[in-house]
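To start, the structure under review is shown below, and the notes come after it.
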Number of protein chains: 2
Amino acid sequence: MLLSKACIYAIRASLYIAAMHEQQRPFVPIREVSDKLNLSFHFLTKIFQQLTSAGLMKSYKGPNGGIAFTKKPAEIKLIEIVAAVDGLGLFHECVLGLPGCGKNKPCPLHDKWAYTREALQIMFSSTSLDELTSKGKRMNLRLSDEISMEDLISP
Amino acid sequence: MLLSKACIYAIRASLYIAAMHEQQRPFVPIREVSDKLNLSFHFLTKIFQQLTSAGLMKSYKGPNGGIAFTKKPAEIKLIEIVAAVDGLGLFHECVLGLPGCGKNKPCPLHDKWAYTREALQIMFSSTSLDELTSKGKRMNLRLSDEISMEDLISP
DNA sequence: AACATTTAAGACTAATTTGTCTTAAATATA
DNA sequence: TATATTTAAGACAAATTAGTCTTAAATGTT
Ligand code: SF4
Ligand code: SF4
């Protein structure tokens with residue numbers, strides 16, 4: 001699996017929150033996200049704690065509280081979420097799990113892997129949340145096996 | 001992590017066996033592989049069982065026994081090993097873990113992911129074992145944090 | 001036949017990831 | 001102040017992956 005479950009959930013949840021952000025609802029309660037996306041509330045809470053401690057989100061307790069991004073969704077790239085949850089190893093490490101990739105003489109797999117690894121990195125670092133949410137309303141970005149971005153146009 | 005540990009070990013071990021194959025030693029004892037590559041003998045045994053039951057390898061018991069490929073290393077692509085151990089999900093499934101990728105309207109991530117996913121698939125399906133072992137002798141393909149392909153030229 | 005070598009199979013343990021639950025702290029509102 | 005809402009933190013449990021161990025079966029050698 002490319003991304004851990006926690007990381008996948010983090011991205012899906014981020015897309016939901018980005019969509020709410022566009023509707024002038026910066027702080028979204030975690031419970032709402034977990035309900036809508038059919039994710040475990042407590043598990044999601046822990047995931048969001050990773051995102052907040054990475055500086056990507058801020059939280060507010062109490063009624064009308066919730067979590068919100070610290071930047072506009074247009075400025076948040078998917079790779080920041082991946083980095084906060086799974087780390088950046090995928091984009092730097094050896095596909096065969098050996099230490100010190102490409103440090104000395106590169107191996108014969110290296111060129112191919114380095115190319116593919118960079119394609120991965122480019123994909124995650126060139127895609128912003130708002131790009132997906134705005135396109136998602138037209139293009140059927142699903143956030144769970146039940147709901148699409150389209151369903152979120154009016155909450 | 002892109003590939004499971006089992007899958008990584010399978011590839012490393014396959015490269016070792018392919019190198020031995022080129023030296024006219026088709027059947028290699030699992031113990032030799034686990035010793036040289038510093039892998040758990042029993043764990044590796046189970047991994048090889050997956051490869052044999054997938055038809056990729058054959059085994060022979062008793063003295064001078066071991067395991068060997070059923071085809072020449074030139075004809076074995078890395079993706080066959082990945083398929084036998086981790087399956088082909090990586091090359092077909094949604095990066096966000098949602099079912100039915102691209103079935104209905106594709107999502108906005110789809111084009112990017114489909115491209116990257118195909119790059120992965122091409123990398124594994126265009127690379128054969130002998131390509132790595134023969135280049136590996138010149139180019140420093142490591143099989144563990146200790147051993148390079150170069151070290152295997154004379155056993 | 002007896003013995004040593006080697007893979008097969010499966011039970012078992014350990015580590016990691018995933019998910020649940022409880023309690024505490026912060027905040028808003030009445 | 002009392003109460004309801006919400007995140008924080010951490011203990012706990014379940015599931016998956018990784019790794020170990022024991023016994024059996026097959027094969028070659030003496
Ligand atoms: S050079 Fe190739 S095998 Fe060596 S560490 Fe990098 S990707 Fe892995
Ligand atoms: S279209 Fe995109 S989000 Fe939808 S299943 Fe495929 S990769 Fe995943």
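These numbers were taken from a predicted model, which means no experiment stands behind them. A, B, ... follow the sequence lines: proteins, then strands. Residue 1 opens every chain.
Nearer the 5' end of DNA chain C, as judged by each residue's closest nucleotide, is the contact made by A:Leu3, out of A:Leu3 and A:Asn64. DNA chain D is contacted by both B:Ala6 and A:Ile30; A:Ile30 maps to the nucleotide lying nearer its 5′ end (nearest heavy atom per residue).
A heavy atom lying under 4.0 Å from DNA chain D marks none of the residues of residues 79-89 of chain B. Within residues 39-47 of chain A, the residues approaching DNA chain D are A:Phe41, A:Lys46, by heavy-atom distance under 4.0 Å.
The side chain of B:Tyr60 places no N or O atom within less than 4.0 Å of a non-bridging phosphate oxygen (OP1 or OP2) of C:dT5. Taking 4.0 angstrom as the limit, A:Tyr9 places none of its side-chain polar atoms (N or O) nearer than this to OP1 or OP2 of C:dT18.
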- Message: Let's go through A:Val85 and A:Ile8 carefully: what are the C-alpha distance in whole Å and the side-chain angles of both, what is the deciding distance for side-chain contact (heavy atoms from CB on, under 4.5 Å) to 0.1 Å, and is it a yes or a no?
- Response: CA-CA 9 Å; A:Val85 179; A:Ile8 286 172; over 6 Å; no
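Within the structure, every pair that satisfies the side-chain hydrogen bond (donor to acceptor under 3.5 Å, both in side chains) test and touches residues 116-129 of chain B, not counting sequence neighbours, is listed here: A:Lys112-B:Ser126, A:Lys112-B:Thr127, B:Ser128-B:Asp130. Every pair tested for salt bridge (Lys or Arg N to Asp or Glu O under 4.0 Å) that includes a residue from residues 41-63 of chain B fails, sequence neighbours excluded, so the list is empty.
For B:Ala84, the side chain to side chain contact (heavy atoms under 4.5 Å, CB included) criterion is met by B:Leu51, B:Ala54, not counting sequence neighbours. Among residues two or more places apart in sequence or in another chain, the side chain to side chain donor-acceptor pair (under 3.5 Å) test is passed with A:Tyr9 by none. Partners of A:Ser4 under the side chain to side chain donor-acceptor pair (under 3.5 Å) rule, at least two apart in sequence or in another chain, are A:Asp86. Not counting sequence neighbours, the partners of B:Phe124 by the ring pair (Phe, Tyr, Trp, His ring centres under 6.0 Å) test are B:Phe91. Residues passing the salt bridge (charged side-chain N to carboxylate O under 4.0 Å, His left out) test with B:Glu80 are B:Lys71, sequence neighbours excluded. Evaluation of the salt bridge (charged side-chain N to carboxylate O under 4.0 Å, His left out) rule for A:Glu22 yields A:Lys137 as partners, not counting sequence neighbours.
Overall bending of the helix from C:dA1-D:dT30 to C:dA30-D:dT1, expressed as the angle between end axes built from five pairs apiece, is 10° (10° steps).
Side-chain atoms of A:Arg31 do not come within 3.5 Å of backbone N or O of A:Phe41 as any donor-acceptor pair. At distances below 3.5 Å, not a single donor-acceptor pair connects side-chain atoms of A:Trp113 with backbone N or O atoms of A:Leu96.
B:Thr133 approaches B:Ala18 most closely through the heavy-atom pair CG2-CB, 3.7 Å.
Note: NZ (A:Lys5) to P (C:dT20) measures 12 Å, nearest angstrom. As a whole-Å value, the separation of B:Met1 CE from C:dT18 C1' is 15 Å.
On the nucleic acid side, DNA chain D has its first and last nucleotide under 4.0 Å of a heavy atom of chain A at D:dT5 to D:dA11, going 5' to 3'.
Using a 4.0 Å heavy-atom cutoff across all strands shown, A:Ser4 reaches sugar-phosphate atoms only and no base atom. Within the nucleic acid shown, B:Phe27 has no heavy atom closer than 4.0 Å to any nucleic acid atom.
For NZ of A:Lys5, the number of neighbouring non-hydrogen atoms (other residues, nucleotides, ligands) closer than 6.0 Å is 12 at most.
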